[in-house]
Engineer: 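Dropping a structure here in structure tokens format, bear with me for questions.
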Protein chains: 2
Amino acid sequence: MSTSTDNHDREEGLAFQPKFDASGLVTCVATDAATGEVLMVAHMNDQALRKTIESGEAWYFSRSRHALWRKGETSGHAQRVVEMRMDCDQDAVWIRVEQSGAACHTGRRSCFYRAVTGSGGDTRLSLVDADRLFDPAAVYHQKT
Amino acid sequence: MSTSTDNHDREEGLAFQPKFDASGLVTCVATDAATGEVLMVAHMNDQALRKTIESGEAWYFSRSRHALWRKGETSGHAQRVVEMRMDCDQDAVWIRVEQSGAACHTGRRSCFYRAVTGSGGDTRLSLVDADRLFDPAAVYHQKT
């Protein structure tokens, strides 16, 4: 009963009540405010969410590095948040952003630079909008 | 070394190699192919992914019901997939869809019908594009 009430409030109410998963994260989808293209899917913990809201720039939580990071802090390719929305059960966030340069660590504008083609055993990927805007080896000082 | 090679292949190669999490899932973002609006964020297991690719209609895996489901099987509001893309590390899928009716179980076109406003202790939600296209109580035979 209380769970049902909680769910109803979370879905229909106007209180900001992010529902973090067992790791303390919500999923965040960033789209290009101008084109609607999906730039990336990443995660935010409570602190990343608050910093994003307060600064107007996207902050994320890296699951692999287990660290808070401001998008663009190394590459310079920041995201200015134009609008933030929560989904029905408040476990996912959609931000519409002005992306400076490239969103993807591989140097592409979007992380989604490959389309799925074919089906069954013949399912493959094909490059779409896959030009690099920067050289990741130069930006991150790592082998690619 | 092998991990690094695997990551490189997964990011730069054209082999379809979805990277499922510990629960066997990838994250899926569905956007409206016509407007670019984010309709929903959900999950797919291997079977949902294959069925989506083979049928051209979106299938998901419900974490709460622990069940495979075809989008629209109860509501009739199916999603025809126009394009499917994988992200750099292949743990997220973006599908551009033709949405029949409403994507959200609350009856709204999109699950993202509330914007985040204010900041600090004053962070609130406000309704945006929140008109219902159907009555969930009538469609799902449940209390709302």
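Quick note on labels: first sequence line is chain A, next is B, and so on, each numbered from 1. What you are looking at is a predicted structure, and each value in this text was computed from that prediction instead of being measured.
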Engineer: Under 4.5 Å between side-chain heavy atoms, hopping through other hydrophobics if needed: is there a path connecting L68(A) to F20(A)?
Structural biologist: no

Engineer: Is atom CZ of R50(A) surrounded by more than 12 heavy atoms (other residues, nucleotides or ligands) closer than 6.0 Å?
Structural biologist: no

Engineer: Which residue out of S119(B), C111(B), A115(B) racks up the most heavy-atom pairs below 4.5 Å with chain A?
Structural biologist: C111(B)

Engineer: What residues of residues 87-97 of chain B make heavy-atom contacts with chain A at a cutoff under 4.5 angstrom?
Structural biologist: D87(B), C88(B), Q90(B), D91(B), A92(B), V93(B), W94(B)

Engineer: Highest number of heavy-atom pairs under 4.5 Å with chain A: which of R108(B), E12(B), Q17(B)?
Structural biologist: E12(B)

Engineer: Taking the side chain as everything from C-beta on, heavy atoms only, tell me whether M84(A) gets closer than 4.5 Å to F112(B).
Structural biologist: no

Engineer: Would you mind telling me which of V81(A), I53(A), T52(A) makes a side-chain contact (heavy atoms from CB on, under 4.5 Å) with V116(B)?
Structural biologist: I53(A)

Engineer: Counting heavy-atom pairs under 4.5 Å to chain A, which of L125(B), V29(B), L127(B) comes out on top?
Structural biologist: L125(B)

Engineer: So which of T117(B), D32(B), V128(B) has the biggest tally of heavy-atom pairs under 4.5 Å with chain A?
Structural biologist: V128(B)

Engineer: Is there a path of hydrophobic side-chain contacts, each under 4.5 Å between heavy atoms of I, L, V, M, F, W or Y residues, that connects Y60(B) with V38(B)?
Structural biologist: no

Engineer: Would you say M86(B) and L14(B) are hydrophobically clustered, going by side-chain heavy atoms of ILVMFWY under 4.5 Å?
Structural biologist: yes

Engineer: Going from OH on Y113(A) to CZ on R85(B), what distance comes out if it is rounded to the nearest 0.5 angstrom?
Structural biologist: 12.0 Å

Engineer: With a 4.5 angstrom heavy-atom cut-off, is it the side chain or the backbone of D129(B) that approaches chain A, or both, or neither?
Structural biologist: side chain

Engineer: Which heavy-atom pair separates A15(B) from R124(A) by the least distance, and what is that distance?
Structural biologist: CA-NH1, 4.1 Å

Engineer: Is the shortest heavy-atom distance from the side chain of D21(B) to the side chain of R63(A) under 4.5 Å?
Structural biologist: no

Engineer: Test of understanding: clusters of I, L, V, M, F, W, Y form through side-chain heavy atoms closer than 4.5 Å, transitively. Do W69(A) and V26(A) belong to the same one?
Structural biologist: yes

Engineer: Quick one: do R114(B) and E83(A) make a salt bridge, cutoff under 4.0 Å?
Structural biologist: no

Engineer: Just so I understand: if I count every heavy-atom pair under 4.5 Å between each of V41(B), T123(B), T106(B) and chain A, which residue has the most?
Structural biologist: T123(B)

Engineer: Most heavy-atom pairs under 4.5 angstrom with chain A, which of G13(B), S126(B), G36(B), C104(B)?
Structural biologist: G13(B)

